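Report on the structure given below.
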Protein chains: 2
Amino acid sequence: MAVSVTSRALDLLGAFDTGHRRLTLSAMARRAGLPLATAHRLAGELHRWGALDRAASGEYVIGRRLWDLGLLAPVQSGLRHAASPFLHDLYAATLATVHLAVRDDAEVLYVDRLAGHVSVPVVSEAGTRLPMHATGVGKVLLAYAPENVVVRVLAGLTRVTPYTVTEPARLLTQLRRVWAEGYATTGEEMSLGACSVAVPVRGPGGSVVAALGIVVPDLRRGRARLVAALQVAASGIGRTLSCTSSVQ
Amino acid sequence: MAVSVTSRALDLLGAFDTGHRRLTLSAMARRAGLPLATAHRLAGELHRWGALDRAASGEYVIGRRLWDLGLLAPVQSGLRHAASPFLHDLYAATLATVHLAVRDDAEVLYVDRLAGHVSVPVVSEAGTRLPMHATGVGKVLLAYAPENVVVRVLAGLTRVTPYTVTEPARLLTQLRRVWAEGYATTGEEMSLGACSVAVPVRGPGGSVVAALGIVVPDLRRGRARLVAALQVAASGIGRTLSCTSSVQ
DNA sequence: CGGCCCCTTCCGGTCAGCGGAAGGCAAGTA
DNA sequence: TACTTGCCTTCCGCTGACCGGAAGGGGCCG
């Protein structure tokens, strides 16, 4: 196993996640599986550099320096930039929560989210990872993912709500419909009271680079209008990406 | 000086900045001041963990794992979340580029930005740091900053455009006006063709925690309307922050 | 072909990192 | 008050992980 200082320091950072934004030293040590004294020394070093900050309570939090380093990641610089204005248009037109997501291995990674004042119960925010089979953007991304990813996802269809699709055959049918109709939907499969529609975003080469989705309380009416709005936005993003593809 | 592995690894990450999003191994090594072989080993370790990714060209870029770690930083989780819907309203109402910024020592750190399709030349995006004396949000934050910060900023008024305020006395007068009138303005002081208005955002305790600004091509007309819209949004954000202050 | 630049791998000496142990502080319990 | 439990911090001597010069391999150019 890895016992290098570097990987230990990184594991210490890895102790933070969406549900653990502030950790005491001992909590970090425990989660990273490091002796307290070691964690103390490493955390001190990370803190000195700015990768960790200390809250007023003395707990550790991710530091500003890591925040702006993270913003340099290509996930966002290219895609998010190009998409930003279209997301607003979409929000203005639908007043629904808007999502932009990419596939990260066998999960959906939310790249941007745009929520209004009042919104249906939505778990995701930027940086969140969710299973592919229970979200609209996930189904879209899965439909255009390589074979081996599909196989892995199909092998692990965990139930999230009573409506989550857990039979591989049924999900495959849905993926085929994404191909045919150009969009995916969900109905309370991730969280109760939330339905979603999503469409693929195509990059310069015509390949699917992201998915664009919105979450609404109900899909029985206005579905066509939503799909149309999504597709306009998606193709707009695609065109913008083509223009700036030099930077990637 | 620090010669610990950890700090070297961090320095390697620090080689990336807004102007250097993709670096070859040797470029990283050069910028971090490390021997090539050492940089190679460390970069490999960072890559294995996901802190660095490799672009198709073989160059290194900041990895996704760092990206979502960064999103956990408190700069954003609290403030940005609370502000998000109000920023949209503001954008919808004004169609101007909207900025949310905090003070980071003696600089302005842009926390969020919301730009339309067509926009005046604006340099900032989320994660950018700019000097305080040449931006609207900067002047607001400076007006409510501790004495010693003001002193340091006044000591280093660098010129950015011909219109940048570089005389300490004149900037002080402007700061006093921020106090009196509750908002700050700039006129082509950071980039030509861009004017701005900004107001403070007050947190639970009444202290100024951030600044909210918009950038427009011209301030001669409609200033009052813009200030009013900004103040509505700012007080909305403040109220939201109070509600969720338990999380901080 | 030779020159250039980049990336990658190797290996033994040595010094940075390790972590158990001990001490200090703050809160809760009796 | 004294005891417990939980944190954080510091110390120090042993040791194995890190260091980095050197050598080798690929791609590109003239």
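All figures in this text were calculated on a predicted structure; none of them were measured in a lab. Within every chain, numbering begins at 1; the chains are lettered A, B, ... in the order of the sequence lines, protein sequences first and strands thereafter.
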Could you tell me the separation between the [atom1] atom of [X] and the [atom2] atom of [N], rounded to a whole number of Å?
{"X": "A:Leu25", "N": "D:dC7", "atom1": "CG", "atom2": "C1'", "value": "9 Å"}
{"X": "A:Leu42", "N": "D:dT10", "atom1": "CG", "atom2": "P", "value": "15 Å"}
{"X": "A:Arg41", "N": "C:dA16", "atom1": "CZ", "atom2": "P", "value": "13 Å"}
{"X": "A:Glu45", "N": "C:dA16", "atom1": "CD", "atom2": "P", "value": "12 Å"}
{"X": "A:Tyr60", "N": "D:dC7", "atom1": "OH", "atom2": "P", "value": "14 Å"}
{"X": "B:His40", "N": "D:dA23", "atom1": "NE2", "atom2": "C1'", "value": "15 Å"}
{"X": "B:Arg8", "N": "D:dA17", "atom1": "CZ", "atom2": "P", "value": "18 Å"}
{"X": "B:Glu59", "N": "C:dT8", "atom1": "CD", "atom2": "P", "value": "13 Å"}

### Message
Check whether A:Ser4 reaches the backbone of A:Ser7 with its side chain - one donor and one acceptor, N or O, closer than 3.5 Å.
### Response
yes

### Query
Looking for any heavy atom pair under 4.0 Å, which part of the strands does A:Thr38 touch: base, sugar-phosphate only, or nothing?
base

Sidechain N-carboxylate O distance under 4.0 Å for [X], [Y]:
{"X": "A:Asp105", "Y": "A:Arg152", "result": "yes"}
{"X": "B:Arg129", "Y": "A:Asp68", "result": "yes"}
{"X": "A:Asp53", "Y": "A:Arg64", "result": "no"}
{"X": "A:Glu189", "Y": "A:Arg159", "result": "no"}
{"X": "A:Asp17", "Y": "A:Arg31", "result": "yes"}

#### Entry: For DNA chain D, the residues among residues 28-36 of chain B that have a non-hydrogen atom under 4.0 Å from it
B:Pro35

### Query
Taking only N and O in the side chain of A:Ser26, is any of them less than 4.0 Å away from OP1 or OP2 of D:dG6?
no

### Query
Closer to the 5' end of DNA chain D via nearest nucleotide, is it A:Thr6 or A:Gly58?
A:Gly58

### Query
Which class fits the ring pair B:His99 and B:Tyr110: parallel under 30°, tilted 30 to 60°, perpendicular over 60°?
perpendicular

